[in-house]
Peer 1: 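Structure incoming, see below.
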Amino acid sequence: MPRPLLATIHLDAMQHNLARARAGARGAKVWAVVKANAYGHGLERAMRGFAGADGLALVEVDYAVRLRELGWTKPILLLEGFFDASDLPVMAQYGLNGSVHCEEQIALLAAARLPHAIDVHLKMNTGMNRLGFTPDAVAGAYARLRAMPHIGTITLMTHFANADEAAPTRLPLEQQMLRFEAGAASIGTSLPRSLCNSAGVLLHHLDSDWVRPGIMLYGGTPSGAPGGTSAQAFGLLPTMTLRSSIIGVQDIAAGEVVGYGSRYEAAGNIKVGVVACGYADGYPRHAPEGTPVLVDGVRTGLIGRVSMDMLMVDLTHVPGAKVGSAVTLWGQGMPIDEVALAAGTIGYELMCALAPRVPVVEATQ
Ligand SMILES: *Cc1c(COP(=O)(O)O)cnc(C)c1O
């Protein structure tokens with residue numbers, strides 16, 4: 001029998017979440033973001049789950065080519081654009097759109113001789129200070145691109161730093177939009193726009209030509225906050241369920257300790273369950289005691305340190321739990337955002353870190 005750890009990818013939930021994104025996009029076309037192996041879900045699977053998207057967006061040039069080879073015929077966008085001159089003929093050959101965010105990329109484009117025109121997203125830095133031209137520099141960048149015969153359509157793009165927060169103390173979305181509008185106006189012609197990530201789609205209602213949701217398509221929320229901004233409250237469904245089983249049980253007395261570092265000490269007599277899932281599977285090692293885990297449908301919590309192949313849970317109040325009991329680490333019945341919050345991270349990181357050794361199956365339910 002294989003080790004009982006299994007990740008199930010729910011394709012129908014992907015379709016459902018895509019429809020949810022489309023409903024929030026105010027008529028904008030949807031780039032389904034599939035970077036990082038589709039947030040750990042598998043590129044080919046995501047291509048099928050998001051077959052209804054208007055385009056797929058990612059950062060890996062080789063994965064973009066792979067999407068074409070797998071038969072994706074609609075647009076593909078490279079969110080970081082190209083990394084050196086050798087990427088440009090590949091983009092032209094496979095019809096890949098690319099973001100253009102710096103002078104070095106413009107110089108490479110100016111020097112390139114391409115057989116087909118490529119469409120670009122001109123990226124504006126409106127305060128995040130990661131990638132993009134400042135609002136002052138964007139008109140110059142636009143003019144140089146527009147003069148190149150091998151540049152097709154140009155879409156203006158920016159990325160929000162705090163779209164997930166209701167009242168951020170720094171760089172609220174409105175401030176980024178003011179800068180964006182100033183940069184856009186300086187260009188002198190109206191360009192198509194690509195603005196919102198998941199947080200923008202869920203919490204702000206901006207008009208644009210394209211949206212770029214990622215995490216919401218996978219049933220997570222940008223902030224990971226429980227309550228009114230939880231995935232459930234937004235009508236999103238989990239797309240990845242990580243399940244395992246109890247493979248060992250220990251009944252221990254008060255004062256006994258559990259796991260590496262003996263970090264956990266039993267205050268009373270308790271029943272410890274050992275789950276076949278550890279940090280080498282992508283479960284966060286820094287998840288603290290009490291991080292929620294579902295055993296036989298009952299919520300309980302982690303005890304002791306997560307080890308490479310196993311973690312321990314408290315079975316004292318899980319009636320009938322025994323070797324073979326079903327465990328859900330995250331997904332259906334156990335929101336990934338809650339696990340992430342307890343572990344001091346975000347659902348994105350948990351999904352993306354699913355380790356290659358974990359077998360993956362698909363389900364339509
Ligand atoms: C990853 C990414 C997105 C998607 O972000 P989510 O928060 O997952 O919705 C959108 N735009 C850009 C430029 C990105 O890099």
Peer 1: Sequence neighbours left out, what pairs pass side chain to side chain donor-acceptor pair (under 3.5 Å) with at least one residue falling in residues 340-354?
Peer 2: T345-E349
Peer 1: Could you list the cluster mates of L6? Members are the ILVMFWY residues connected by side-chain heavy atoms closer than 4.5 Å, either directly or through other members.
Peer 2: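 V361, all in the cluster of L6.
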Peer 1: Can you tell me which residue pairs pass the side chain to side chain donor-acceptor pair (under 3.5 Å) test with a partner in residues 60-70, sequence neighbours excluded?
Peer 2: none
Peer 1: Applying side chain to side chain donor-acceptor pair (under 3.5 Å), can you list everything that pairs with T155, at least two apart in sequence or on another chain?
Peer 2: none
Peer 1: Less than 4.5 Å apart, any side-chain heavy atom of T239 and any of L217?
Peer 2: no
Peer 1: Of all residues at least two apart in sequence or in a different chain, which pass the side chain to side chain donor-acceptor pair (under 3.5 Å) check with D54?
Peer 2: R22
Peer 1: Can you pull the side chain to side chain donor-acceptor pair (under 3.5 Å) pairs that have at least one residue in residues 132-152, sequence neighbours excluded?
Peer 2: E103-R144
Peer 1: Side-chain contact, heavy-atom cut-off 4.5 Å: V90 with V61?
Peer 2: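 They are in side-chain contact.
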Peer 1: List the steps, then state whether side chain to side chain donor-acceptor pair (under 3.5 Å) holds for R212 with H159.
Peer 2: CA-CA 9 Å; R212 307 183 308 272; H159 195 57; 3.1 Å; yes
Peer 1: Considering only heavy atoms from C-beta outward, does the side chain of M351 approach that of I215 to under 4.5 Å?
Peer 2: yes
Peer 1: Fit a plane to each ring of W210 and W31, take the angle between them on a 0 to 90° scale, and name the class: parallel (under 30°), tilted (30 to 60°) or perpendicular (over 60°).
Peer 2: parallel
Peer 1: Report yes if the side chains of L43 and V34 come closer than 4.5 Å at any heavy-atom pair, otherwise no.
Peer 2: yes
Peer 1: Is the side chain of D209 donor-acceptor paired with the backbone N or O of R193 at a distance under 3.5 Å, no angle test?
Peer 2: yes
Peer 1: Ignoring hydrogens, what is the shortest heavy-atom contact between L236 and M216? Give both atom names and the distance.
Peer 2: CD2-O, 3.6 Å
Peer 1: Is there a side-chain contact between L79 and L58, using heavy atoms and a 4.5 Å cut-off?
Peer 2: no
Peer 1: So which residues get pulled into V272's cluster when ILVMFWY side chains under 4.5 Å apart are joined, directly or through others?
Peer 2: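 Its cluster mates, by chain and number, are I247, I252, V258, Y264, I270, V274, I303, M310, M312.
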Peer 1: Could you walk me through whether D314 and T300 pass the side chain to side chain donor-acceptor pair (under 3.5 Å) check?
Peer 2: CA-CA 6 Å; D314 186 355; T300 182; 5.1 Å; no
Peer 1: Out of curiosity, does V65 fall in the hydrophobic cluster containing V120 (side-chain heavy atoms, cut-off under 4.5 Å, transitive links)?
Peer 2: yes
Peer 1: Looking at residues at least two apart in the chain, or sitting in another chain, which of them share a side chain to side chain donor-acceptor pair (under 3.5 Å) with D119?
Peer 2: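 Expected list: T153.
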Peer 1: Heavy-atom count around E181 CD within 6.0 Å, excluding the residue itself: above 12?
Peer 2: yes
Peer 1: With ILVMFWY side chains joined below 4.5 Å, transitively, what does V257's cluster contain besides itself?
Peer 2: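 Result for V257 is none, singleton.
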Peer 1: Quick test of your reading: applying ring pair (Phe, Tyr, Trp, His ring centres under 6.0 Å), list the pairs with at least one residue in residues 211-236, sequence neighbours left out, ordered by first then second residue.
Peer 2: Y39-Y218, H41-Y218, F50-Y218
Peer 1: Which pairs pass side chain to side chain donor-acceptor pair (under 3.5 Å) with one or both residues in residues 77-93, sequence neighbours excluded?
Peer 2: D84-S86
Peer 1: If the condition is side chain to side chain donor-acceptor pair (under 3.5 Å), which residues does S307 pass it with, not counting sequence neighbours?
Peer 2: none
